[in-house]
**Student:** 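First, the structure itself, so that you have it in front of you.
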Amino acid sequence: MKSLKFASSAVMAAAALTIGLCAAPSAFAADELSFGKSAGELAPAADAASNRPPATFFTIADVLAKLDRQRGRGPNAIRTASLTPNTATDAVPAAKPLPPVGAEPFGLFTFRAPENGLWRKWRGLESDLAKEASVLEQCRENATACPSQAAQFLRLINAVKSKAGRDRLDEANRAVNQAIRYVSDFAQHGEPDRWTAPLATFATGKGDCEDYAIAKYIALSEAGFPREDLRLVLGRDRAIRQDHAVLAARLDGHWLILDSRRSELIDDGELGNFTPMFAINDRGVQLFAAPYAKRLPLGDELDAAPAAANAAETEWTGLDSPDAASPLLGFLPVLM
């Protein structure tokens, strides 16, 4: 008889406990103290656009604290489910931002190129440019003793300086293109690639694509255009599989290309079939790089890669004449 009474008591206790557990969610809903952040603050706009119910946010630690308060353990009773807070939500995850666009020409990035033949050429050219700068300064002080090629180049600089904005770039591009006749380095100097300072180029009236770009670079610099907004760009013309050099100039936040093959300026995004490899200015030789994420689905890690495959291991040849055989046929651009 006693065992029967004990069993009845156990059944009644179990039933009471079950009723209490089932009622717990209603008690939570009626509690005046909310433990989640408001859906109005955190729910994405996509939820409001659709007819989905508002997103609900809560943490496990908040639930445990509410249970402790309801069971009379006092306001200071705290239990945590983990050392770091874990927030659960049924909200749609926000999309990751698009990869950034570089501030260099063609929307790319640059980093210092390894020491190679380009560095030696650039340092040699800088020495020649410093000597020619002294000649130009002497010509400004005494025009009667000025060499003819220096006087010609000074007239071009003054014509460029008389213009402003895009017209200044246009004047430099057209004037240099008209003053120089294209001749390959091999035909003129008997070597595959030589970089010539402007006065030496104007003395012969001949040059190749690098010589055009260098003359425009100095003419604009002498006319007051900021050198930090100029880049000698060495790249690869994929259409004819030849090396090619141009000058890039930044105007009002946009890069314009001054090309020896064109009389008009073009936007860097309009230079089709051109893979930029190196950018050169007062900072030295920089290697163009593109983010891997431009080729991968959104959400992948952002990293940097050369704008042309194996660019860091390949020497610039400067072979841009139609009959020149270039070893750079394996260049594959990251950005197609």
**Student:** Mind checking side-chain contact (heavy atoms from CB on, under 4.5 Å) for His254 and listing every partner two or more places apart, or none if nothing turns up?
**Tutor:** none

**Student:** State which residues pass side-chain contact (heavy atoms from CB on, under 4.5 Å) with Ala164; sequence neighbours excluded, sorted by chain then number.
**Tutor:** none

**Student:** Only counting residues at least two apart or in another chain, list the ones meeting side chain to side chain donor-acceptor pair (under 3.5 Å) with Thr204.
**Tutor:** Gln188

**Student:** Do you know which of Leu220, Val246, Asn177 makes side chain to side chain contact (heavy atoms under 4.5 Å, CB included) with Leu258?
**Tutor:** Leu220

**Student:** Quick one: is the NZ or CZ of Arg231 closer than 6.0 Å to the six-membered ring centre of Trp255, and within 45° of its axis?
**Tutor:** no

**Student:** Which residue pairs pass the salt bridge (charged side-chain N to carboxylate O under 4.0 Å, His left out) test with at least one member in residues 123-134, sequence neighbours excluded?
**Tutor:** Glu115-Arg123

**Student:** Please give me the minimum heavy-atom distance between Leu108 and Pro276, naming the atom from each residue.
**Tutor:** CD1-CG, 3.6 Å

**Student:** Please report the shortest heavy-atom distance between Ala289 and Phe111, naming the atom on each side.
**Tutor:** CB-CE2, 3.4 Å

**Student:** Is any side-chain heavy atom of Leu247 less than 4.5 Å from a side-chain heavy atom of Leu232?
**Tutor:** yes

**Student:** For Ala215 versus Ile180, what's the shortest heavy-atom pair and its separation?
**Tutor:** CB-CD1, 4.4 Å

**Student:** Could you check whether any side-chain N or O of Asp211 sits under 3.5 Å from a backbone N or O of Thr196, counting only pairs where one atom can act as donor and the other as acceptor?
**Tutor:** yes

**Student:** Got Thr201 and Phe153 here, is their nearest side-chain heavy-atom distance under 4.5 Å?
**Tutor:** no

**Student:** Side-chain contact, heavy-atom cut-off 4.5 Å: Tyr217 with Asn281?
**Tutor:** yes

**Student:** Any chance you could measure Leu271, atom CG, to His244, atom NE2, to the nearest 0.5 Å?
**Tutor:** 7.0 Å

**Student:** Is Ser162 reaching over with its side chain to a backbone N or O of Ala159, donor-acceptor style, under 3.5 angstrom?
**Tutor:** yes

**Student:** Write down the atom of Val135, the atom of Ala150, and the distance for their closest heavy-atom approach.
**Tutor:** CG1-CB, 4.1 Å

**Student:** Quick check for you: to the nearest 0.5 Å, what is the distance between Arg236 atom CZ and Gln242 atom CD?
**Tutor:** 7.5 Å

**Student:** Same cluster or not: Ile240 versus Phe186, using hydrophobic residues (I, L, V, M, F, W, Y) connected whenever any side-chain heavy atoms lie under 4.5 Å apart?
**Tutor:** no

**Student:** Scan for side chain to side chain donor-acceptor pair (under 3.5 Å) pairs involving residues 133-144, sequence neighbours excluded, and state none if there are none.
**Tutor:** Arg140-Glu222, Asn142-Thr144

**Student:** If a pair satisfies disulfide (SG to SG under 2.5 Å) and one of its residues is in residues 103-177, list it, with sequence neighbours excluded.
**Tutor:** Cys139-Cys146

**Student:** Roughly how far, to the nearest 0.5 Å, is OG1 of Thr110 from CZ of Phe278?
**Tutor:** 12.0 Å

**Student:** Got Ile214 and Pro198 here, is their nearest side-chain heavy-atom distance under 4.5 Å?
**Tutor:** yes

**Student:** Restricting to pairs with a member in residues 155-195, which pass disulfide (SG to SG under 2.5 Å), not counting sequence neighbours?
**Tutor:** none

**Student:** How would you list all residue pairs meeting salt bridge (charged side-chain N to carboxylate O under 4.0 Å, His left out) that involve residues 266-290, not counting sequence neighbours?
**Tutor:** Glu104-Arg283, Arg227-Asp282

**Student:** Got Leu154 and Leu136 here, is their nearest side-chain heavy-atom distance under 4.5 Å?
**Tutor:** yes

**Student:** Indicate every side-chain donor-acceptor pair of residues 169-176 with a distance under 3.5 Å to a residue at least two apart or in another chain.
**Tutor:**
| unit_1 | atom_1 | unit_2 | atom_2 | d |
| --- | --- | --- | --- | --- |
| Asp170 | OD1 | Arg174 | NE | 3.2 |
| Asp170 | OD2 | Arg174 | NE | 3.0 |
| Glu171 | OE1 | Lys163 | NZ | 3.2 |
| Asn173 | OD1 | Lys216 | NZ | 2.7 |
| Asn173 | OD1 | Asp259 | N | 3.3 |
| Asn173 | ND2 | Arg262 | O | 3.1 |
| Asn173 | ND2 | Ser263 | O | 3.2 |

**Student:** Listed by chain and number, what are the side-chain contact (heavy atoms from CB on, under 4.5 Å) partners of Gln152, not counting sequence neighbours?
**Tutor:** Arg155, Ala179, Phe202

**Student:** Please report the closest heavy-atom contact between Ala245 and Leu234, naming both atoms and the distance.
**Tutor:** CB-CD2, 3.7 Å

**Student:** Only counting residues at least two apart or in another chain, list the ones meeting side-chain contact (heavy atoms from CB on, under 4.5 Å) with Ala203.
**Tutor:** Gln149

**Student:** Is the side chain of Lys121 donor-acceptor paired with the backbone N or O of Asp193 at a distance under 3.5 Å, no angle test?
**Tutor:** yes

**Student:** Is the backbone of Tyr182 close enough, under 3.5 Å, to the side chain of Tyr212 for a donor and an acceptor to pair up by distance?
**Tutor:** yes

**Student:** Are the side chain of Arg250 and the backbone of Leu256 linked by a donor-acceptor contact shorter than 3.5 Å?
**Tutor:** no

**Student:** Does the side chain of Phe288 reach to within under 4.5 Å of the side chain of Pro105, using non-hydrogen atoms?
**Tutor:** yes

**Student:** Is Val183 linked to Leu199 within one hydrophobic cluster, defined over Ile, Leu, Val, Met, Phe, Trp and Tyr using a side-chain heavy-atom separation of less than 4.5 Å?
**Tutor:** no

**Student:** Among residues at least two apart in sequence or on other chains, which ones pass side chain to side chain donor-acceptor pair (under 3.5 Å) with Glu191?
**Tutor:** Arg194

**Student:** Does any part of the side chain of Trp119, heavy atoms only, come nearer than 4.5 Å to the side chain of Arg112, both counted from C-beta?
**Tutor:** yes

**Student:** Under the side-chain contact (heavy atoms from CB on, under 4.5 Å) criterion, do Arg166 and Leu265 qualify, and how do the steps go?
**Tutor:** CA-CA 9 Å; Arg166 188 184 179 100; Leu265 304 176; 3.7 Å; yes

